[in-house]
Amino acid sequence: MAKLQVAIDLLTTEEALALAAKVAPYVDIIELGTPLIKNMGSAVITAMKNAHPDKLVFADLKTADAGELEADIAFKAGADLVTVMGAAGDATIIGAVKAAKAHNKGVVVDTIGYPDRVRRAQEVTKLGVEFVELHAGLDEQWTAGYSIQVLIDEAARVGVPVSVAGGVNINNVTAVVKAGAKVVVAGAAIYGAENPAEAAKELREAIDAA
Ligand SMILES: O=C(CO)[C@H](O)[C@H](O)COP(=O)(O)O
């Protein structure tokens, strides 16, 4: 069964905790977005893990260097999963994996901006990462002509464990799951909804029915 990850791209701990409280019954992974962590520091990771010890807390660090050091900070703060950029060197990913092993946690590689996401996903899987995020970031999503179909097609042929992020919503979530995504990431479709709990519930039901 695919997991549902809510991406919290809000800016304060208070807002993040309020959203998480509404959607927690329907999600498996709570992602603290990069702008949120930059704004609030690692204290937001601790606050979220304390509030939801039964959920996987995903710190979207988007680390590009000093992999072991940055991952260690987040794991000590309570993160279960951290992200490292696929565009970073293998040494950075290997360092983060070393920190993850020391804490019995995991590393996710984010492929934002990487020209060949499928090839990089296959490469970094061999470095011991938990899974790879096939990801079109917010800027790419706002570029004319963007379609999540490109990620769906990549998920169907990648052959290694992946999540898909980049505009997942109720209209495309079934195709994302059927393409084989192990984790479905939804940000704006949940935090931007009039009723975030209802939006998360609908995504959960669609994933379970796919
Ligand atoms: O990591 C992110 C941007 O870098 C977002 O959290 C991710 O893209 C999911 O959000 P959305 O569903 O709104 O695309």
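Only this structure's heavy atoms are used, side chains among them; waters, hydrogens and symmetry mates stay out.
- Heavy atoms of other residues, nucleotides or ligands lying less than 6.0 angstrom from NZ of Lys55 number more than 12.
- Residue pairs that meet the side chain to side chain donor-acceptor pair (under 3.5 Å) test with at least one member in residues 85-99, sequence neighbours left out, are Asp90-Arg120.
- Using a 4.5 Å heavy-atom threshold, the side chains of Leu19 and Leu10 count as touching.
- The number of heavy-atom neighbours closer than 6.0 Å to CD of Glu205, taken from other residues, nucleotides and ligands shown, is above 12.
- Salt-bridge annotation for Lys105 and Asp72: absent, with no side-chain N of the basic residue lying under 4.0 Å from a carboxylate O of the acidic one.
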| task | Please test Met40 against Leu32 for side-chain contact (heavy atoms from CB on, under 4.5 Å), starting from the C-alpha separation and ending with a verdict. | result | CA-CA 10 Å; Met40 303 307 297; Leu32 306 173; over 6 Å; no
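- Between the side chain of Glu133 and the backbone N or O of Thr111, no donor-acceptor pair lies under 3.5 Å.
- Looking at Val176 and Ile148, their side chains come closer than 4.5 Å, going by heavy atoms from C-beta outward.
- Although no hydrogens or angles enter the test, the distance criterion places a donor-acceptor pair under 3.5 Å between the side chain of Thr34 and the main chain of Asp60.
- Placement of Val129 and Val164 within a single hydrophobic cluster is found when ILVMFWY residues are connected by side-chain heavy-atom separations under 4.5 Å, directly or transitively.
- The main-chain N or O of Val160 is never found under 3.5 Å from a side-chain atom of Gln122 such that the two would form a donor-acceptor pair.
- For Asn169, the side-chain hydrogen bond (donor to acceptor under 3.5 Å, both in side chains) partners two or more places apart in sequence, or in a different chain, are Asn172.
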| request: Show your reasoning for whether salt bridge (Lys or Arg N to Asp or Glu O under 4.0 Å) applies to Asp208 and Arg204. | output: CA-CA 6 Å; Asp208 292 349; Arg204 167 91 273 152; 3.3 Å; yes
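- Salt bridge Arg117/Glu140: present, at least one basic N to carboxylate O contact under 4.0 Å.
- Across Asp80, Ile30, Thr83, a single residue satisfies side chain to side chain contact (heavy atoms under 4.5 Å, CB included) together with Phe58, and that is Thr83.
- Residues Tyr114 and Arg119 are in side-chain contact: their nearest non-hydrogen atoms beyond the backbone lie under 4.5 Å apart.
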| said: One pair to check against side-chain contact (heavy atoms from CB on, under 4.5 Å): Asp28 and Leu56. What are the steps and the verdict? | reply: CA-CA 7 Å; Asp28 307 288; Leu56 292 172; 5.9 Å; no
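- In this structure, the side chains of Phe75 and Val82 come closer than 4.5 Å at one or more pairs of heavy atoms.
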